[in-house]
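When a ligand or atom number is given, it counts from 1 through the structure's own listing order. Quick caveat: nothing in here was measured; it's all calculated off a predicted structure.
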Amino acid sequence: MSDKRFQHVQNVAKSALRLAERWGYPEPRKAELAGLLHDYAKETTDETFIQLIDKYQLDPDLLNWNNNVWHGLVGIYKIQEDLGLTDPEITRAIEIHTVGSAAMSLLDKILYVADYVEDGRTFEGVDVARQLAYEQDLDAAVAYETVHTVAFLASKHVRIYPQTILTYNAYVEQLK
Ligand code: GDP
Ligand code: FE
Ligand code: FE
Ligand code: FE
């Protein structure tokens, strides 16, 4: 992967470890490993993703999306094939790290949020996101991230993956 992405995944691993310790995830080294692996499939070609959707008979609607959605939901099959990763908690967290889900495990939330607040992120509001994530309320951090991602995608006039909206509906009221 590029130097920039390698820096990002190392930052996410560090952030995930910190969140695991803060929120009492019992296996912090798994959080760290999820951080290191989460964007493994980001540079996989579209052709390969399309083949994987076919091979594993995944939801055919996935064919209407792109790398942003595929690198987690489909990328996890590439990670399992290439690396032999089998831990179901880690694979699930990586699978949904971009779109979330309506019922996220502690590790799912840690990875989803770590990706957003890692030390290299500089967007407006990252200070609020970090305060929620590292200090106040991990569910509120999930909500904050999802609200801002949905608003960002809408402002760009791009389609929003339905599972992202389910995440939004499940967590938005955690933001007080
Ligand atoms: P990254 O892999 O570290 O860059 O971060 P993510 O995996 O969280 O997100 C990758 C890209 O997907 C970002 O540009 C997001 O804005 C975008 N994204 C997140 N959710 C959705 C969605 O529901 N639909 C679409 N089209 N893009 C999304
Ligand atoms: Fe990603
Ligand atoms: Fe993310
Ligand atoms: Fe990432």
Open item on the list: Taking only non-hydrogen atoms of Gln163, do any sit less than 4.0 angstrom from ligand 1?
Closed with: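 For ligand 1, residue contact (heavy atoms, under 4.0 Å) with Gln163 is absent.
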Task: Any Glu145 heavy atom less than 4.0 Å from ligand 1 - done: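 Flag not set, Glu145 not near ligand 1.
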Between the side chains of [X] and [Y], does any donor sit under 3.5 Å from an acceptor?
{"X": "Asp115", "Y": "His8", "answer": "yes"}
{"X": "His71", "Y": "His38", "answer": "no"}
{"X": "Thr48", "Y": "Thr45", "answer": "yes"}
{"X": "Glu81", "Y": "Tyr56", "answer": "yes"}
{"X": "Asn68", "Y": "Tyr161", "answer": "no"}

Checking the N or O distance criterion of under 3.5 Å, is ligand 1 in contact with [X]?
{"X": "His71", "result": "yes"}
{"X": "Thr98", "result": "yes"}
{"X": "His97", "result": "yes"}

Task: Heavy-atom closest contact (Val117 atom, Arg130 atom, distance) - done: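 That closest heavy-atom pairing would be O-NE, 3.0 Å.
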- [ ] Could you pull out, from Leu153, Thr146, Asp39, the option with a heavy atom nearest to atom 28 (C) of ligand 1?
- [x]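 Result: the heavy atom closest to atom 28 (C) of ligand 1 is in Leu153.
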Task: Heavy-atom proximity to atom 8 (O) of ligand 1, best of Val158, Leu111, Asp115 - done: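 Looking at heavy atoms only, the winner is Asp115.
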Open item on the list: Please report whether the ring centroid of Phe123 lies less than 6.0 Å from that of Tyr116.
Closed with: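 That pair passes the under 6.0 Å test.
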Open item on the list: Quick check: Tyr144 with His148 (ring centres under 6.0 Å apart)?
Closed with: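 Ring centroids of His148 and Tyr144 are less than 6.0 Å from each other.
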Which residue holds the protein heavy atom closest to [atom], what is that atom called, and what is the gap in Å?
{"atom": "atom 26 (N) of ligand 1", "value": "Arg159 O, 3.0 Å"}
{"atom": "atom 23 (O) of ligand 1", "value": "Thr164 OG1, 2.7 Å"}
{"atom": "atom 2 (O) of ligand 1", "value": "Lys42 NZ, 2.6 Å"}

Open item on the list: Quick test of your reading of the model: are Lys14 and Glu118 salt-bridged, counting only N-O distances below 4.0 Å?
Closed with: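 Salt bridge: no.
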Open item on the list: Regarding Glu95 and Arg92, does a basic nitrogen lie under 4.0 Å from an acidic carboxylate oxygen?
Closed with: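 Yes.
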Task: Which atom of His71 approaches the Fe ion (ligand 2) most closely (N/O/S) - done: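 Checking each N, O and S atom of His71, the shortest distance to the Fe ion (ligand 2) belongs to NE2.
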Task: the Fe ion (ligand 2) to Asp39: nearest N/O/S atom name - done: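 The Fe ion (ligand 2) is closest to the Asp39 atom OD1, counting only N, O or S.
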- [ ] For ligand 1, note which part of Arg121 has a heavy atom under 4.0 Å away: side chain, backbone, both or neither.
- [x]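 Side chain only; the backbone of Arg121 stays clear of ligand 1.
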- [ ] Specify whether an N/O/S atom of His38 falls short of 2.8 Å from the Fe ion (ligand 4).
- [x]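 For His38, the answer is yes, given that an N, O or S atom comes within less than 2.8 Å of the Fe ion (ligand 4).
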TODO: May I ask you to check if any N/O/S atom from Asp115 comes under 2.8 Å of the Fe ion (ligand 4)?
DONE: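 Short answer: yes, at least one N, O or S atom is under the cut-off.
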Open item on the list: Are Leu166 and Val158 connected into the same hydrophobic cluster when the rule is that any two of I, L, V, M, F, W, Y join if their side-chain heavy atoms are below 4.5 Å apart?
Closed with: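 Shared cluster, no.
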Task: His8: numbered ligand 1 atoms lying under 4.0 Å from its heavy atoms - done: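 Listed by number with element, the hits are 3 (O).
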Open item on the list: If we count only non-hydrogen protein atoms and require a distance under 4.0 Å, does atom 10 (C) of ligand 1 qualify as touching the protein?
Closed with: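 Given the 4.0 Å limit, the answer for atom 10 (C) of ligand 1 is yes, a protein heavy atom qualifies.
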